[in-house]
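Okay, so here's the structure we're looking at.
Values in this document were obtained by computation on a predicted structure and should not be read as measured data. FYI, side chains are in, hydrogens and waters are out, and symmetry mates aren't considered; it's all heavy atoms of this structure.
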Amino acid sequence: MREIFAGLPWWVKWVVVPVVALVVFGGLIASVVGFVIGLLFKLLIFVALIGGLIYVVRKFTAGSSSRGDW
(Lines give C-alpha, C1' and ligand atoms only; values in the text may rest on other atoms or scores of the structure.)
Protein backbone atom coordinates (compact mmCIF):
# COMPACT_ATOMS: atom_id res chain seq x y z
CA MET A 1 0.00 0.00 0.00
CA ARG A 2 2.83 2.42 0.81
CA GLU A 3 4.42 1.77 -2.56
CA ILE A 4 1.19 2.76 -4.29
CA PHE A 5 0.93 6.05 -2.39
CA ALA A 6 4.66 6.78 -2.65
CA GLY A 7 4.43 7.17 -6.41
CA LEU A 8 1.46 9.55 -6.35
CA PRO A 9 1.71 13.35 -6.34
CA TRP A 10 1.01 15.18 -3.07
CA TRP A 11 -2.29 16.62 -4.27
CA VAL A 12 -3.68 13.14 -4.90
CA LYS A 13 -2.75 12.00 -1.38
CA TRP A 14 -3.94 15.11 0.45
CA VAL A 15 -6.84 16.35 -1.71
CA VAL A 16 -8.33 13.64 -3.93
CA VAL A 17 -8.25 10.73 -1.46
CA PRO A 18 -10.03 12.65 1.37
CA VAL A 19 -12.61 14.04 -1.09
CA VAL A 20 -13.35 10.55 -2.42
CA ALA A 21 -13.61 9.25 1.15
CA LEU A 22 -16.08 12.02 2.02
CA VAL A 23 -18.16 11.28 -1.06
CA VAL A 24 -18.24 7.53 -0.36
CA PHE A 25 -18.68 7.70 3.43
CA GLY A 26 -20.37 11.12 3.67
CA GLY A 27 -23.80 9.73 4.51
CA LEU A 28 -22.39 7.50 7.21
CA ILE A 29 -20.31 10.32 8.69
CA ALA A 30 -23.33 12.65 8.69
CA SER A 31 -25.47 9.99 10.38
CA VAL A 32 -22.90 9.39 13.11
CA VAL A 33 -22.36 13.12 13.72
CA GLY A 34 -26.12 13.72 13.81
CA PHE A 35 -26.60 10.86 16.27
CA VAL A 36 -23.86 12.16 18.57
CA ILE A 37 -25.20 15.74 18.48
CA GLY A 38 -28.73 14.49 19.16
CA LEU A 39 -27.48 12.39 22.07
CA LEU A 40 -25.58 15.33 23.55
CA PHE A 41 -28.66 17.55 23.19
CA LYS A 42 -30.85 14.98 24.96
CA LEU A 43 -28.23 14.65 27.70
CA LEU A 44 -28.17 18.43 28.13
CA ILE A 45 -31.99 18.53 28.39
CA PHE A 46 -31.90 15.68 30.94
CA VAL A 47 -29.31 17.46 33.09
CA ALA A 48 -31.26 20.73 32.93
CA LEU A 49 -34.51 19.02 33.94
CA ILE A 50 -32.89 17.16 36.84
CA GLY A 51 -31.17 20.36 37.98
CA GLY A 52 -34.47 22.25 37.83
CA LEU A 53 -36.23 19.50 39.75
CA ILE A 54 -33.56 19.53 42.47
CA TYR A 55 -33.80 23.34 42.68
CA VAL A 56 -37.60 23.26 43.03
CA VAL A 57 -37.55 20.47 45.61
CA ARG A 58 -34.91 22.23 47.72
CA LYS A 59 -36.78 25.53 47.47
CA PHE A 60 -40.04 24.01 48.67
CA THR A 61 -38.30 21.90 51.32
CA ALA A 62 -36.43 24.93 52.70
CA GLY A 63 -39.62 27.00 52.59
CA SER A 64 -41.71 24.44 54.47
CA SER A 65 -39.06 23.90 57.19
CA SER A 66 -38.71 27.65 57.80
CA ARG A 67 -42.51 27.94 58.11
CA GLY A 68 -42.45 25.13 60.68
CA ASP A 69 -40.11 27.19 62.90
CA TRP A 70 -42.81 29.74 63.57
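- Separating the CG atom in L44 from the CG atom in L49 is a distance of 9.5 Å, to the nearest 0.5 Å.
- Hydrophobic clustering, with ILVMFWY side chains joined whenever heavy atoms are under 4.5 angstrom apart, groups V33 together with L22.
- The hydrophobic cluster containing F5 also contains W11, counting ILVMFWY residues as joined when their side-chain heavy atoms lie under 4.5 angstrom apart, directly or transitively.
- Follow the hydrophobic side-chain contacts under 4.5 Å out from I29 and you reach V24 in the same cluster.
- Note on W10: it clusters hydrophobically with V20, by side-chain heavy-atom contacts below 4.5 Å among ILVMFWY residues.
- Among I50, V56, V57, the single residue meeting the side chain to side chain contact (heavy atoms under 4.5 Å, CB included) criterion with I54 is I50.
- The CZ atom of F60 sits 10.0 Å away from the OH atom of Y55 when rounded to the nearest 0.5 Å.
- A continuous path of Ile, Leu, Val, Met, Phe, Trp and Tyr side chains, each step under 4.5 Å between heavy atoms, connects I37 with F25, placing both in one hydrophobic cluster.
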